[in-house]
Colleague: 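Have a look at the structure that comes next, please.
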Amino acid sequence: MPIAILMPALSPTMEEGKLAKWLVKEGDSVSSGDVIAEIETDKATMEVEAVEEGTVGRLLVAEGTEGVAVNAPIAMLLAEGEDRSALDTASASSKSAQAKSAPSAASQAAPTAAAMPAAAKANGASGRGGRIFASPLARRVAEQKSLDLAALKGSGPRGRIVMSDVEKAPSQGVAPATKPTVAVGTAALAQMQALVPSSGSAIAPQPMPDEQIFALYEQGSYELVPHDNMRKTIAARLTQAKSTIPHFYLTIDCELDNLLEARQRLNTRSPKDGPKSYRLSVNDFIIKALGLALMRVPKANATWSERGTLFHKHADIAVAVAVEGGLFTPVVRSVDDKTLVEISQHVKDLADRARRRRLAPHEYQGGSTAVSNLGMYAIKHFDAVINPPQSSILAVGQSEKRPIVKGDQIKIVNMMTVTLSCDHRVVDGALGAQLLSAFRGFIEEPVTMLL
């Protein structure tokens, strides 16, 4: 029986994607691990590899097709000894499977899926043929729960581990773990909102219908450009953030003279080229200072969930990177354990791959806070929107010379204004103030970052 290659879920919130490019053609032989296609999600273009071997019998979805639902058949793979006549028999069942597939990233199983993201391979365990086969969602959740995939028995096709196997792990004797908090997708958010009883007196604001918007402008006076997946996701998540997170804002000024001097001294000590050369930026110091501040004020290093508050053991900080058509927020893990040079090199690598849309989902998801720096655009002060499930975001303005009073004298010093947006469900006013105070202490005395 031909094997259906299904549209893989490349992240827990993915509902659909664009089949950007086929790397195989009909009649090609493929083996497990061969890269067969490139899938474009809202944030990245990822390579997808086969998890079965056989011959590509039919490509069901053309290159460039957008809105392909997760778990929808995209190609048929002929097993050993089968010819193209077997495809006619499988065609009807393939269409039926496509009609029944739910376009939800929260789908708990990837039935008969014969493809997986290449990025997941790096996180895989050894099993049949040296690897264990698991759906991307099951693999990610198992990693979050610190579950060993080798200890699980797959119930999916050909022993593939699916989401239900991960959920049953505690009852099977596999070490249980607290259910992780993940970002709520648009569909899940709608379901949650539907469960909230209406008071009958308040009417939820509704966006203006397209017909009314178009009626306001004369025909021919504008160009309509359809939203791409990134812009749709940004709009959905920002709407979710402002609708569900009670924001409040704290602003503080930091003196930068000592930091700028330390940065210059360190950069002059760098080799001119080679693997050990570096070029520290002010943003590298900001990321390090925020990571150390979170360790000093651990109650602010937290994430809200309905089951309780998650207090994180390390400082995982997302860094906003502007790209054409939107932005990425790749996460620098364990900032508290990294040196300034390691942070600098890691941020440069993440930013470069973000601009080329080559980040894997786990590289831009998670974290407890974020840094958004618009100082290079001469922005003095702004309020940033929290990216759920993070509980805060630091908005950084430009460095500029300002007159300040020191003692009884007016001095000209380099100053920077930063604003911390806080999730009031997790971070209260005093707690946010303590975090900003600790951050300013590290910024104004950068030598303390080395202690």
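As a basis for the values below, the full set of heavy atoms in this structure was taken, side chains included, without hydrogen atoms, waters or symmetry mates. Bear in mind the structure is a predicted one, so any value in this text is a computation, not a measurement. Numbers here are sequence positions counted from 1.
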Colleague: Any chance you could measure Leu256, atom CG, to Gln398, atom CD, to the nearest 0.5 Å?
Modeller: 11.0 Å

Colleague: Mind jotting down which residue pairs meet the side-chain hydrogen bond (donor to acceptor under 3.5 Å, both in side chains) criterion with at least one end in residues 256-268? Sequence neighbours excluded, please.
Modeller: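 Applying side-chain hydrogen bond (donor to acceptor under 3.5 Å, both in side chains) to every pair that reaches into residues 256-268, excluding sequence neighbours, yields Asp257-Asn414.
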
Colleague: Which residues pass the salt bridge (Lys or Arg N to Asp or Glu O under 4.0 Å) test with Arg425, not counting sequence neighbours?
Modeller: Asp423

Colleague: Would you list the atom pairs, donor with acceptor, under 3.5 Å between side chains in residues 433-448 and any protein atom, with sequence neighbours excluded?
Modeller:
{"from": "Glu444", "atom 1": "OE2", "to": "Glu255", "atom 2": "N", "distance (Å)": "2.8"}
{"from": "Thr448", "atom 1": "OG1", "to": "Glu445", "atom 2": "O", "distance (Å)": "2.6"}

Colleague: Going by atom type alone, with no hydrogens or angles, which donor-acceptor pairs under 3.5 Å involve a side-chain atom of residues 383-395 and a protein atom two or more places apart or on another chain?
Modeller:
{"from": "Asn387", "atom 1": "OD1", "to": "Arg237", "atom 2": "NE", "distance (Å)": "3.3"}
{"from": "Asn387", "atom 1": "OD1", "to": "Arg237", "atom 2": "NH2", "distance (Å)": "2.8"}
{"from": "Gln390", "atom 1": "NE2", "to": "Gly366", "atom 2": "O", "distance (Å)": "3.0"}
{"from": "Ser391", "atom 1": "OG", "to": "Ala302", "atom 2": "O", "distance (Å)": "2.7"}
{"from": "Ser391", "atom 1": "OG", "to": "Ser368", "atom 2": "O", "distance (Å)": "3.4"}
{"from": "Ser392", "atom 1": "OG", "to": "Thr369", "atom 2": "OG1", "distance (Å)": "2.7"}

Colleague: Holding to salt bridge (Lys or Arg N to Asp or Glu O under 4.0 Å), I want the full list of residues that pass it with Lys25, two or more places apart in sequence or in another chain.
Modeller: Asp28

Colleague: Under the rule for side chain to side chain donor-acceptor pair (under 3.5 Å), what residues qualify as partners of Thr417, not counting sequence neighbours?
Modeller: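 Testing Thr417 for side chain to side chain donor-acceptor pair (under 3.5 Å), a comparison that skips the adjacent residues, returns Asp253, Arg402.
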
Colleague: Apply side chain to side chain donor-acceptor pair (under 3.5 Å) to Ser281 and list each qualifying residue two or more places apart in sequence or on a separate chain.
Modeller: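 Applying side chain to side chain donor-acceptor pair (under 3.5 Å) to Ser281 gives Asp284.
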
Colleague: Taking only residues at least two apart or on different chains, which pairs with a member in residues 247-283 satisfy ring-ring contact (aromatic ring centres under 6.0 Å, His included)?
Modeller: Phe248-His424

Colleague: Do other residues, nucleotides or ligands put more than 12 heavy atoms under 6.0 Å from Asp210 CG?
Modeller: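 Counting neighbours around CG of Asp210, more than 12 heavy atoms of other residues, nucleotides or ligands fall under 6.0 Å, so yes.
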
Colleague: For Asp349, enumerate each residue passing the salt bridge (Lys or Arg N to Asp or Glu O under 4.0 Å) test, keeping only those at least two apart in sequence or located in another chain.
Modeller: Arg353

Colleague: The criterion is salt bridge (Lys or Arg N to Asp or Glu O under 4.0 Å); which residues satisfy it with Lys411, sequence neighbours excluded?
Modeller: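 Residues passing salt bridge (Lys or Arg N to Asp or Glu O under 4.0 Å) with Lys411: none at all.
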
Colleague: Listed by chain and number, what are the side chain to side chain donor-acceptor pair (under 3.5 Å) partners of His381, not counting sequence neighbours?
Modeller: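 Per chain and number, His381 pairs via side chain to side chain donor-acceptor pair (under 3.5 Å) with Thr419.
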
Colleague: What closest approach, in Å, do Leu359 and Met46 show between heavy atoms, and which atom pair accounts for it?
Modeller: O-CG, 4.3 Å

Colleague: If you look only at distance, which donor and acceptor atoms sit under 3.5 Å apart when one is on a side chain in residues 308-326 and the other is two or more places apart or in another chain?
Modeller:
{"from": "His312", "atom 1": "NE2", "to": "Thr303", "atom 2": "OG1", "distance (Å)": "2.7"}
{"from": "His314", "atom 1": "ND1", "to": "Asp336", "atom 2": "OD2", "distance (Å)": "3.2"}
{"from": "His314", "atom 1": "ND1", "to": "Asp337", "atom 2": "OD2", "distance (Å)": "3.4"}
{"from": "Asp316", "atom 1": "OD1", "to": "Ser334", "atom 2": "N", "distance (Å)": "2.8"}

